[in-house]
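For reference, the structure is listed below as structure tokens.
We count ligands from 1, going down the list as the structure has it; atoms in each ligand are counted the same way.
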Amino acid sequence: MSATMDELFAAALAARLNAHAPYSRFAVGAAVLTASGRIFAGCNVENASYPVGSCAETGAVAAMAAAGERSIAAVLVLAERPITPCGACRQRLAEFGSTETAVHVADPGGVRASYTLGALLPAAFIL
Ligand code: THU
């Protein structure tokens with residue numbers, strides 16, 4: 001893995017340790033790499049009122065936006081097995097990414113597959 005990929009992986013792995021997933025018991029970590037080279041991470045945060053819970057990607061995107069960043073170059077999602085972002089999170093990523101934004105999926109052992117956001121959310125709605 002490249003240095004940047006290593007950092008993205010490490011950030012998602014660390015964030016996943018803080019996942020609050022007592023209902024699904026499915027901990028997820030995500031990290032976004034901005035066009036300026038910064039990395040922001042998030043974890044899923046579930047709630048007793050199930051629909052109120054949020055995905056790891058949602059947290060990572062919120063942290064990125066709060067820091068003033070607006071452009072996502074790459075995303076890495078890490079869970080016990082490789083998973084791609086849910087539909088709503090694909091839309092969240094599309095807000096700040098492009099069709100070329102890399103979406104890497106990983107398990108704790110490493111990155112297992114890579115996609116583009118354009119492949120995961122074709123013909124996306126953007127304004
Ligand atoms: N989850 C994520 O955090 N990211 C995804 O891409 C898919 C699903 C979370 C939501 C919920 O807390 C748990 O995984 C099980 O669905």
Side-chain angles (χ1 to χ4, degrees):
M1 280 196 283
S2 68
T4 303
M5 185 76 99
D6 281 347
E7 291 170 38
L8 207 53
F9 183 88
L13 192 68
R16 181 171 178 261
L17 294 177
N18 293 325
H20 177 68
Y23 307 106
S24 72
R25 304 229 170 257
F26 192 78
V28 184
V32 299
L33 171 70
T34 66
S36 60
R38 298 170 74 187
I39 288 174
F40 299 90
C43 60
N44 53 333
V45 181
E46 297 184 349
N47 192 278
S49 177
Y50 290 7
V52 179
S54 55
C55 286
E57 297 91 324
T58 303
V61 168
M64 181 205 77
E69 296 283 352
R70 293 290 185 268
S71 179
I72 299 176
V75 186
L76 189 149
V77 185
L78 193 158
E80 66 186 30
R81 59 179 174 77
I83 55 159
T84 53
C86 77
C89 284
R90 293 178 194 198
Q91 182 69 29
R92 286 190 183 91
L93 293 167
E95 181 71 18
F96 300 108
S98 72
T99 56
E100 305 313 309
T101 293
V103 181
H104 307 290
V105 302
D107 63 26
V111 172
R112 303 306 183 191
S114 299
Y115 307 88
T116 63
L117 190 54
L120 294 180
L121 190 66
F125 170 68
I126 47 169
L127 290 178

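Considering both main-chain and side-chain atoms, E46 comes within under 3.5 Å of ligand 1 through a nitrogen or oxygen pair. Backbone and side-chain nitrogen or oxygen atoms of E57 are examined, and one is located within less than 3.5 angstrom of a nitrogen or oxygen of ligand 1.
Numbered from 1 in the order shown, with element, the atoms of ligand 1 that lie under 4.0 Å from a heavy atom of T84 read 6 (O). The contact set between ligand 1 and C86, taken as ligand atoms under 4.0 Å from a residue heavy atom, comprises 6 (O). Of all atoms in ligand 1, numbered sequentially from 1 with element shown, those under 4.0 Å from a heavy atom of P85 are 6 (O). Short contacts between ligand 1 and S24, defined as distances under 4.0 Å to a heavy atom of the residue, involve ligand atoms 13 (C), 15 (C). Set against the non-hydrogen atoms of I83, the atoms of ligand 1 under 4.0 Å away are 5 (C), 6 (O), 7 (C). Less than 4.0 angstrom separates some heavy atom of F26 from each of these atoms of ligand 1: 13 (C), 14 (O). Heavy-atom proximity to V28, at under 4.0 Å, picks out these atoms of ligand 1: 1 (N), 2 (C), 3 (O), 4 (N), 9 (C), 14 (O). When each atom of ligand 1 is checked for a heavy atom of A56 under 4.0 Å away, the hits are 2 (C), 3 (O).
Criterion: ILVMFWY side-chain heavy atoms under 4.5 Å apart, direct or through other members. Under it, V75 and V61 are part of a common hydrophobic cluster. Using a 4.5 Å cut-off between side-chain heavy atoms of Ile, Leu, Val, Met, Phe, Trp and Tyr, with links allowed through other members, V28 and F40 fall into the same hydrophobic cluster.
Within the 4.5 Å cutoff, the side chain of F26 has heavy atoms near those of the I83 side chain.
Judged by distance alone, the side chain of N44 and the main-chain N or O of G53 form no donor-acceptor pair under 3.5 Å. Of the possible donor and acceptor atoms, one in the side chain of T101 sits under 3.5 Å from a partner among the backbone N and O of I72. Between the side chain of R112 and the main chain of V105, no donor-acceptor pair closer than 3.5 Å is present.
Under the 4.0 angstrom criterion, atom 14 (O) of ligand 1 counts as having a protein heavy-atom contact.
Counting non-hydrogen atoms of neighbouring residues, nucleotides and ligands closer than 6.0 angstrom, the CZ atom of R81 reaches no more than 12 such neighbours.
Residue C55 touches ligand 1 through backbone and side chain together, judged by heavy-atom distances below 4.0 Å.
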Would T34 and S36 count as a side chain to side chain donor-acceptor pair (under 3.5 Å) if you check the C-alpha gap in whole Å, the side-chain angles of each, and the deciding distance to 0.1 Å? CA-CA 5 Å; T34 66; S36 60; 2.9 Å; yes
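In summary, E57 and R92 do not engage in a salt bridge, as defined by a charged side-chain N under 4.0 Å from a carboxylate O.
Selection from N47, T58, N44, L78 by nearest heavy atom to atom 9 (C) of ligand 1 gives N44.
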